[in-house]
Amino acid sequence: MNFHQIADVVLNASAAEQTEVLAMEQDESLTRFANNCIHQNVTERNVQITLRWVIGTRIGIDVLNEVRLDCLRHIALHVFYVS
């Protein structure tokens, strides 16, 4: 899922006056050596999505690393009701 799809889901589900979506993706790789030979390759991919809503004078912020559509919709509705 790319950033435009994430932003579309959140913005369409949001009932706030202002909505901000920030998505960051990070890929990290590490190679471990033992006795001058490759011992282990480790790769990690992490996605962090920060959502901010402004409702009147109240501000709701949520950070998640889940990009499933149902989770994004749920968070968009949840933050509106909590704010």
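The structure displayed is predicted, hence computed values, not measured ones.
- Nearest heavy atom pair, residue Thr50 against residue Gln48, reads OG1-NE2, 3.8 Å.
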Check: Could you walk me through whether Glu28 and Thr43 pass the side chain to side chain contact (heavy atoms under 4.5 Å, CB included) check?
Finding: CA-CA 6 Å; Glu28 293 182 352; Thr43 301; over 6 Å; no
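- In terms of modelled atom types and a separation under 3.5 Å, the side chain of Asn35 and the main chain of Cys37 share no donor-acceptor contact.
- Partners of Arg52 according to the salt bridge (charged side-chain N to carboxylate O under 4.0 Å, His left out) rule, which considers only residues two or more places apart in sequence or in another chain, are Glu20.
- The hydrophobic clustering, which links ILVMFWY residues whose side-chain heavy atoms are closer than 4.5 Å, places Leu69 and Val47 together.
- Connectivity analysis of hydrophobic side chains (ILVMFWY, heavy atoms under 4.5 Å, direct or indirect) links Val63 to nothing; its cluster partners are none.
- To the nearest 0.5 angstrom, Asp27 atom CG is 7.0 Å from Ser29 atom OG.
- Taking CD from Gln18 and CD1 from Ile59, the interatomic distance works out to 8.5 Å, rounded to the nearest 0.5 Å.
- When all heavy atoms are compared, the tightest approach of Ile49 to Glu66 is CD1-O, 3.9 Å.
- Rounding to the nearest 0.5 Å gives a distance of 12.0 Å between CZ of Arg73 and CZ of Arg68.
- The heavy-atom pair separating Asn2 from His4 by the smallest distance is OD1-N, 3.1 Å.
- In this structure, the side chains of Ile38 and Phe33 come closer than 4.5 Å at one or more pairs of heavy atoms.
- Looking only at side-chain heavy atoms (C-beta outward), Ile6 and Leu72 come within less than 4.5 Å of each other.
- Contact of the Leu51 side chain with the Leu64 side chain is registered, since non-hydrogen atoms from C-beta on lie closer than 4.5 Å.
- When hydrophobic clusters are built by joining Ile, Leu, Val, Met, Phe, Trp and Tyr residues whose side-chain heavy atoms come closer than 4.5 Å, directly or via intermediates, Val10 is grouped together with Phe3.
- When the side chains of ILVMFWY residues are joined at heavy-atom separations under 4.5 Å, either directly or via intervening members, Met24 and Ile61 end up in two distinct hydrophobic clusters.
- Nearest approach of Ala16 to Val54, heavy atoms of both residues: CB-O, 3.7 Å.
- Under the salt bridge (Lys or Arg N to Asp or Glu O under 4.0 Å) criterion, the residue pairs touching residues 32-48 are Glu25-Arg45, with sequence neighbours excluded.
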